[in-house]
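Scroll down for the structure; my scribbles are underneath it.
In listed order, ligands and their atoms are each counted from 1. Hydrogens, waters and symmetry mates play no part in the numbers below; they use all other heavy atoms, side chains included.
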Amino acid sequence: MSPQRLLFVCLGNICRSPAAEGVFLHLVAREGLGDQFVVDSAGTGSWHVGKPADRRMLAAAEKRGIALPSRARQIEAADLGRFDRILTMDNDNLAAVQALAPGTEQALIEPITRHCRQFGSLEVPDPYYGGEDGFEQVLDLLEDACGGLLDRLRPR
Ligand code: 4NP
């Protein structure tokens with residue numbers, strides 16, 4: 001079976017979406033499902049293109065044994081044809097991705113929080129201007145959501 005192609009999207013692609021990518025890859029590797037998924041992340045904004053993940057996000061993830069290998073890039077309309085599923089972090093990201101190609105038959109675009117099983121949050125809050133707690137909260141939410149997502153997509 002061909003791999004499922006997933007794109008995680010936030011605003012800057014240096015905090016939430018690279019963390020989502022890293023958490024999902026971590027879960028997939030733990031289950032030996034690496035060849036079943038192609039995973040990437042992107043931002044709706046372009047300010048941080050080419051940069052690694054924010055050092056605060058990197059440090060928080062590292063404490064949980066999770067690597068964040070990605071470099072920031074900006075999403076483009078062609079991504080809607082390259083990926084099966086696009087998972088957005090908040091309502092602004094969702095609207096921005098939907099606006100890239102209105103009405104065309106392409107990737108399923110949905111909030112990542114739809115896959116949470118433990119938390120009831122509708123958005124993954126932007127941690128950029130806040131304290132360290134915000135980064136932990138983002139990872140808690142993403143571990144929950146990515147676990148639910150993998151359960152949904154795991155080949156049976
Ligand atoms: P992210 O966080 O969308 O989770 O990567 C942000 C990173 C940078 C900025 C905003 C949010 N910024 O304004 O530069």
Measure from NZ or CZ of Arg85 to the centre of the six-membered ring of Phe8 and say whether it is under 6.0 Å with the direction within 45° of the ring axis.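 Ring-cation test returns no.
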Would you say the side chains of Glu110 and His115 form a donor-acceptor pair under 3.5 Å? yes
Could you tell me if Thr44 and Asn93 have a donor-acceptor pair between their side chains, going purely by distance under 3.5 Å? no
If the threshold is 4.0 Å, N to carboxylate O, is there a salt bridge linking Glu76 and Arg82? yes
Just wondering, more than 12 heavy atoms not from Glu62 lying within 6.0 Å of its CD? no
Around Arg117, counting heavy atoms of other residues, nucleotides and ligands shown, do more than 12 lie under 6.0 Å from its CZ?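 Enclosed.
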Part of [X] with heavy atoms under 4.0 Å of ligand 1, whether side chain, backbone, both or neither:
X	value
Asn13	backbone
His48	side chain
Leu11	both

Minimum-distance protein heavy atom relative to [atom]:
atom	result
atom 9 (C) of ligand 1	Tyr128 CD2, 3.5 Å
atom 1 (P) of ligand 1	Cys10 SG, 3.5 Å
atom 13 (O) of ligand 1	Tyr129 OH, 3.3 Å

Determine the interplanar angle of the Phe37 and Phe24 rings, folded into 0 to 90°, and report it as parallel if under 30°, tilted if 30 to 60°, perpendicular if over 60°.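 Perpendicular: the ring planes of Phe37 and Phe24 meet at over 60°.
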For [X], atoms of ligand 1 separated by under 4.0 Å from a heavy atom:
X	result
Gly12	1 (P), 3 (O), 5 (O)
Asp126	2 (O), 6 (C), 10 (C), 11 (C)
Ile14	5 (O), 7 (C), 8 (C)
Cys15	1 (P), 2 (O), 4 (O), 5 (O)

